[in-house]
Participant: 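Can you keep this structure in mind? I'll have questions shortly.
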There are 2 protein chains.
Amino acid sequence: MTIAKNAKPASRPRGRPRAFDRDEALAKAAETFWRLGYEGASIADLTAVMGITPQSLYSAFTSKADLYREALQWYQDHVGASTVAALAEGDAVIALTRLLSEAAEEFTKKGRPHGCMISTAVLTCATENEPVARHVSDLRGATLALIRARVERGIDEGQLSPGTDPEALARFVGAMIQGMSVQAQDGASKAALLALARHAVTEIERHRA
Amino acid sequence: MTIAKNAKPASRPRGRPRAFDRDEALAKAAETFWRLGYEGASIADLTAVMGITPQSLYSAFTSKADLYREALQWYQDHVGASTVAALAEGDAVIALTRLLSEAAEEFTKKGRPHGCMISTAVLTCATENEPVARHVSDLRGATLALIRARVERGIDEGQLSPGTDPEALARFVGAMIQGMSVQAQDGASKAALLALARHAVTEIERHRA
DNA sequence: ATATTTCCAGAGTGACCATTGCGAAAAATG
DNA sequence: CATTTTTCGCAATGGTCACTCTGGAAATAT
């Protein structure tokens, strides 16, 4: 009878199930943080957008900081996925070019906040929020490392000239994305971002082997 | 005797003079806003750093938003002065080059916050602070216009090739500065910023007439 | 059914937010 | 010296902050 007691893989919890969809709520929260920032989005704002009460929020996500971290993860998984896809391109120059043109595309999509949720987030904050700022800063650092790794692979595979400085070129591309995020938040059009990105692309192409 | 009644240029006010130096207090306030951001710096933080009480602050500056605006002006006058100086350079390419290398210098100076106080400030905020965000955004727009004007002058004077798109090149340079500000706030060294700026300079030089 | 577990609604927690009234102290004018 | 004018220190304003206590309803397992 009770042989497979612990073998049941997805045992439903005993009590009343959650009334709202966690992922859906997270998506709404992410967009609110994206638009207002970590300090600018209050719990009242979040619960209103998510359509739940504070204690539902706190039972599903343990704190505002934790909810923000999950929202950032959601953003990386859903919106930032195209970044990873662009870098997976076989040729390094094409990869970086796609990275920039897709940034221009993503940063100006209608029906959602402009700019990047990570590139230019929590650059300054109250002292009590410094851990959160450090977390986002680390995410930016990870992206820079990703770009740098792609550049190094490009050098190894002979697509980029051996004299290329991976650190400098990665920071250059990263700065372009960050600057595009700022200008997108200031209302720059997709065309304007593409035009400025073209300058960066020209510089990248100069390093083709 | 009372001939020069209204001619007196600097008539001291009648009452008790202010106990603190206004400019000095403003400088301290600017640095606090610079480090913590508009939303991150509380009145308590500001009064502590400025060494005055709240009502002294409110009598000298009318509100937090107004104090912030004055702090931004102070920043432009004192720190941003080098930007204007760089753009005054006779040759457009040299002007833009100086602009970027001095940004690398200014953004990593010891003894004060890293990054730019304007380039990457108040990108997101609570809805009630949107007027402040718009103000800073306008300042960024003005800087972009300044760079663009310098590019146009460079084309007119024959230093830059006639095919140069002033809008795109100005946005490109602006994005570099904004990106450098982000990375400086994330802890990038002056050398790292100079290295990435060199990529931008190469692209600028490509437009030499 | 009954028992058990969890969710959700209203209201409220102390703490901190930007901002201010009040009265005393201080400096300049007459 | 007396008057005027202004600053400044203490304390407090209502409001919002992130966060939670309590109680009853709801949905599962037994």
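We use all heavy atoms of the structure for the numbers below, so side chains are in, but hydrogens, waters and symmetry mates are not. Everything numeric in this text was worked out from a predicted model, so none of it was measured. Order of the sequence lines sets the chain letters (A, B, ...), proteins ahead of strands, with each chain counted from 1.
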Participant: Check the distance between C/dC8's P and A/Ile52's CD1 and give it to me in whole angstrom.
Facilitator: 8 Å
Participant: Give a yes-or-no answer on whether the side chains of B/Ser137 and A/Asp186 include a donor-acceptor pair shorter than 3.5 Å.
Facilitator: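 A/Asp186 and B/Ser137 do have a side-chain donor-acceptor pair below 3.5 Å.
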Participant: Quick one: which of C/dT19, D/dA18, D/dC21 gets closest to the side chain of A/Gln55?
Facilitator: D/dC21
Participant: Does B/Tyr58 have a side-chain nitrogen or oxygen under 4.0 Å from the phosphate oxygens OP1 or OP2 of C/dT20?
Facilitator: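 Answer is no, no contact under 4.0 Å.
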Participant: B/Leu57 CG to D/dC8 C1': how many Å, rounded?
Facilitator: 13 Å
Participant: To the nearest Å, give me how far apart CZ (A/Phe61) and P (C/dC7) are.
Facilitator: 12 Å
Participant: Figure out the CZ/C1' separation between A/Phe20 and C/dT6, and round it to whole Å.
Facilitator: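 Whole-Å distance recorded here is 12 Å.
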Participant: Is there a donor-acceptor contact under 3.5 Å linking the side chains of B/Ser59 and B/Ser56?
Facilitator: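 No pair is found: no donor N or O on one side chain lies under 3.5 Å from an acceptor on the other.
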Participant: NA contact type, A/Thr53, heavy-atom cut-off 4.0 Å: base, sugar-phosphate, or nothing?
Facilitator: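 The answer is sugar-phosphate, as A/Thr53 gets under 4.0 Å only of primed atoms, P, OP1 or OP2.
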Participant: Give the nucleotide from the list C/dC8, C/dC17, C/dT19 with an atom nearest to the side chain of A/Ser56.
Facilitator: C/dC8
Participant: Would you kindly give the CD-to-C1' distance between A/Glu39 and C/dC16, to the nearest whole Å?
Facilitator: 14 Å
Participant: Tell me which nucleotide among D/dC17, D/dC19, C/dC17 gets nearest to the side chain of B/Ser42.
Facilitator: C/dC17
Participant: Toward the 5' end of DNA chain D, which comes first, A/Thr62 or A/Asp45, by nearest nucleotide?
Facilitator: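 The 5'-side residue here is A/Asp45.
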Participant: Is it true that A/His114 and A/Gln185 share a donor-acceptor pair across their side chains at a distance under 3.5 Å?
Facilitator: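 Result is no, nothing qualifies.
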Participant: We want to know whether B/Gln178 and A/Gln178 form a side-chain donor-acceptor pair, criterion being a heavy-atom distance below 3.5 angstrom.
Facilitator: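 There is no such pair (donor and acceptor under 3.5 Å, judged by atom type) between the side chains of B/Gln178 and A/Gln178.
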Participant: If you find the nucleotide of DNA chain D closest to A/Ala44 and the one closest to B/Gly51, which residue's nucleotide is nearer the 5' end?
Facilitator: B/Gly51
Participant: Using whole Å, what does the distance between atom P of nucleotide D/dC19 and atom CG of A/Leu67 come to?
Facilitator: 10 Å
Participant: Cation-pi between B/Lys64 and B/Tyr38: NZ/CZ under 6.0 Å from ring centre and within 45° of the ring axis?
Facilitator: yes
Participant: Checking all strands, does B/Ala41 fall into the base, sugar-phosphate, or nothing category for heavy-atom contacts under 4.0 angstrom?
Facilitator: sugar-phosphate
Participant: Rounded to the nearest angstrom, tell me the gap between atom CD1 in B/Ile43 and atom C1' in D/dA12.
Facilitator: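 Going from B/Ile43 (CD1) to D/dA12 (C1'), I get 16 Å.
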Participant: When the distance from CZ of B/Arg22 to C1' of D/dT6 is rounded to whole Å, what number comes out?
Facilitator: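 Rounding to the nearest Å, CZ of B/Arg22 and C1' of D/dT6 are 15 Å apart.
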